[in-house]
Undergrad: 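Structure incoming, see below.
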Protein chains: 2
Amino acid sequence: MSKQDVSISRSGGCCTPISVAALDEATASEGAAVFKALSDPIRLRLMSIIASAGAEVCVCDITPHFNVSGPTISHHLRVLREAGLVDCERRGTWVYYWPLPDRQQWISTLLSVPETTALAR
Amino acid sequence: MSKQDVSISRSGGCCTPISVAALDEATASEGAAVFKALSDPIRLRLMSIIASAGAEVCVCDITPHFNVSGPTISHHLRVLREAGLVDCERRGTWVYYWPLPDRQQWISTLLSVPETTALAR
DNA sequence: ATCTTGGTTAGACAGAAGTCAAGATAGACG
DNA sequence: CGTCTATCTTGACTTCTGTCTAACCAAGAT
């Protein structure tokens, strides 16, 4: 098992990609939890809707896009929230969601493939 | 050894991050399947070991790092293979795995946060 | 206060997923 | 050929997950 300690500081990066160094168990568990939150098609679409909106999104604008019941949407939103990918706030009658880009950027960087590694084999 | 279909449907502008435009259902399902493959701590560590090795990795070098049985490792490696994240080949007595960076890079880009979007709120 | 609308929580259930033991398979070596 | 080693597959078991209905809570309107 080759254990390389090459620590690359990528511009805009916030962690070492898995292509560069193997993850320790704790980081793997934490990362897996975030991936699990995105491992459902509905949640991934929810995340993309919220992240691409460029503003807070009302749940009432989200629900019509899906063919599942309201409680199911609510359940998926909670999973995204508990994974640290979004946050929400009730204002008056409505609840608004917005993305938390830090977590999203973290796992994106975790998966990024540096050029040198991408050419391996 | 095994060759699943790893076609990436680049429908509707493939590498557009979810922060920029919402995903269609098909792309969301495809992306969610890849995230699901990485949603287990053992699989994420397997992926990082294979991706960071810089060379093919023998299963016999992987198994000792984990506290689960051989069949379980084999099962997880199969999941990664069917997700298009790794491929393998038997040579003699041993089976070697190597990363397929395309899929990995695809979802990394999918999650990337452009500067302008990252500053939203 | 009561009703209405928007959203979450609780409970239940079917199906999916992770794990292991046992058996199967593939190749190396006599 | 048979045997040994490394790995995968199968089958069973247990736990987890996605979904629903029903009930509940929060805020505004009547």
Side-chain angles (χ1 to χ4, degrees), chain A residues 1 25 28-50 53 56-83 85-98, chain B residues 1-4 23 25 28-47 49-50 53 56-98:
Chain A
M1 194 57 40
E25 292 187 40
S29 293
E30 195 178 355
V34 182
F35 287 124
K36 180 175 289 184
L38 295 171
S39 70
D40 181 277
I42 289 181
R43 284 200 295 270
L44 192 52
R45 284 177 64 204
L46 284 170
M47 189 66 214
S48 73
I49 287 173
I50 296 171
E56 298 165 336
V57 186
C58 179
V59 173
C60 63
D61 290 327
I62 293 176
T63 306
H65 288 84
F66 297 87
N67 289 324
V68 294
S69 66
T72 298
I73 294 294
S74 187
H75 159 71
H76 286 308
L77 286 172
R78 183 222 280 258
V79 173
L80 291 176
R81 209 168 56 232
E82 291 178 345
L85 287 163
V86 302
D87 202 357
C88 68
E89 186 181 69
R90 170 184 285 273
R91 272 205 298 285
T93 306
W94 297 278
V95 177
Y96 296 87
Y97 279 78
W98 61 88
Chain B
M1 184 156 188
S2 63
K3 208 62 200 133
Q4 278 74 21
L23 295 177
E25 291 186 42
S29 293
E30 197 177 356
V34 182
F35 287 123
K36 180 173 289 185
L38 295 171
S39 70
D40 181 278
I42 290 181
R43 283 200 295 270
L44 190 54
R45 283 178 64 204
L46 284 170
M47 189 67 214
I49 287 173
I50 296 172
E56 299 164 337
V57 186
C58 178
V59 174
C60 63
D61 289 328
I62 294 176
T63 305
H65 288 82
F66 297 87
N67 289 324
V68 294
S69 66
T72 298
I73 294 294
S74 185
H75 161 70
H76 286 308
L77 285 172
R78 183 221 279 259
V79 173
L80 291 176
R81 206 188 327 131
E82 290 178 345
L85 288 164
V86 303
D87 202 358
C88 68
E89 187 181 67
R90 171 183 284 272
R91 272 203 301 283
T93 305
W94 296 278
V95 177
Y96 295 88
Y97 280 77
W98 61 87

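Bear in mind the structure is a predicted one, so any value in this text is a computation, not a measurement. Throughout, a chain's letter reflects where its sequence line sits, starting with A, and its residues are numbered from 1.
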Undergrad: Quick one: does any side-chain atom of A/Thr63 pair with a main-chain N or O of A/Val59 as donor and acceptor, under 3.5 Å?
TA: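 Yes, the answer is positive, given that a donor and an acceptor are paired below the 3.5 Å cut-off.
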
Undergrad: Hey, does the side chain of A/Ser48 reach the backbone of B/Leu23 with a donor-acceptor pair shorter than 3.5 angstrom?
TA: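 Pair found, side chain donor or acceptor close to backbone of B/Leu23.
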
Undergrad: Checking side chain to side chain contact (heavy atoms under 4.5 Å, CB included) against B/Leu46, which of B/Leu85, B/Leu77, B/Asp40 comes through?
TA: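 Considering B/Leu85, B/Leu77, B/Asp40, a side chain to side chain contact (heavy atoms under 4.5 Å, CB included) with B/Leu46 is found only for B/Leu77.
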
Undergrad: Could you tell me whether B/Ile42 contacts a base, only the sugar-phosphate backbone, or nothing, with contacts defined as non-hydrogen atoms closer than 4.0 Å?
TA: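 Answer is sugar-phosphate: B/Ile42 comes under 4.0 Å of backbone atoms only.
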
Undergrad: I want to verify a distance call: between C/dG7, D/dT7, D/dC20, whose nearest atom is closest to the A/Val95 side chain?
TA: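 So the side chain of A/Val95 is nearest to C/dG7.
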
Undergrad: Do you know the tightest heavy-atom contact between A/Lys36 and A/Ser39?
TA: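 A/Lys36 and A/Ser39 have their closest heavy atoms at O-OG, 2.7 Å.
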
Undergrad: Grab the CD-P distance between B/Glu82 and D/dC8 for me, whole Å please.
TA: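 Whole-Å distance recorded here is 13 Å.
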
Undergrad: Test: salt bridge (Lys or Arg N to Asp or Glu O under 4.0 Å). Region: residues 68-80 of chain A. Which pairs qualify, not counting sequence neighbours?
TA: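 Found A/Arg78-A/Glu82.
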
Undergrad: If a protein heavy atom is under 4.0 Å from the base, mark B; if only from the sugar-phosphate, S; if neither, -; do that for nucleotides 21-30 of chain D going 5' to 3'.
TA: BB---SSS--

Undergrad: What is the distance from NE2 of B/His76 to P of D/dC8, rounded to the nearest Å?
TA: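 After rounding, the reported distance stands at 13 Å.
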
Undergrad: With no hydrogens and no angle check, is any side-chain donor or acceptor of B/Arg45 less than 3.5 Å from a backbone partner on B/Phe66?
TA: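 No: the side chain of B/Arg45 does not pair with the backbone of B/Phe66.
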
Undergrad: In whole Å, I'd like the distance from the CZ atom of B/Phe66 to the P atom of C/dC20.
TA: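 It works out to 13 Å between those atoms.
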
Undergrad: Taking A/Ser74 for the side chain and A/Pro71 for the main chain, is one N or O donor matched with an acceptor at less than 3.5 Å?
TA: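 The answer is no, because no donor-acceptor pair under 3.5 Å joins these two groups.
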
Undergrad: Using atom names, set out every protein N or O paired with an N or O of nucleotides 13-17 of chain D below 3.5 Å, distance rounded to 0.1 Å.
TA:
from: D/dT17; atom 1: OP1; to: A/Lys36; atom 2: NZ; distance (Å): 3.0

Undergrad: Heavy atoms from C-beta onward define the side chain here; which of D/dC8, C/dC20, C/dT8 lies closest to that of A/Val59?
TA: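 Side chain of A/Val59 sits closest to C/dT8.
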
Undergrad: Could you check whether any side-chain heavy atom of B/Arg81 comes within less than 4.5 Å of a side-chain heavy atom of B/Asp87, counting everything from C-beta outward?
TA: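 Yes, at least one pair of side-chain atoms sits under 4.5 Å.
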
Undergrad: Given atom CZ of A/Arg78 and atom P of D/dT19, what is their separation to the nearest angstrom?
TA: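 Result: 15 Å.
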
Undergrad: To check you understand the geometry: which heavy-atom pair defines the closest contact between A/His76 and A/Ile42, and what is its length?
TA: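 Answer, listing the atom of A/His76 first, then A/Ile42: CD2-CG2, 3.6 Å.
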
Undergrad: How close or far is atom P of D/dT9 from atom CG of B/Leu77, stated in whole angstroms?
TA: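 Atom CG in B/Leu77 sits about 11 Å away from atom P in D/dT9.
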
Undergrad: Below the 4.0 Å mark, does D/dC8 have OP1 or OP2 next to a side-chain nitrogen or oxygen of B/Tyr97?
TA: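 Answer is yes, contact under 4.0 Å.
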
Undergrad: Could you check how far CG of B/Leu80 sits from C1' of C/dA17, rounded to whole Å?
TA: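 After rounding, the reported distance stands at 14 Å.
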
Undergrad: Could you please name the option among D/dA6, C/dG6, C/dT8 that lies closest to any side-chain atom of B/Cys60?
TA: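 That would be D/dA6.
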
Undergrad: Provide, to the nearest angstrom, the distance between the OH atom belonging to B/Tyr96 and the P atom belonging to D/dA6.
TA: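 Roughly 12 Å, once rounded to whole Å.
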
Undergrad: In whole Å, I'd like the distance from the CZ atom of B/Arg45 to the C1' atom of C/dG18.
TA: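 Computing the B/Arg45:CZ to C/dG18:C1' distance gives 16 Å.
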
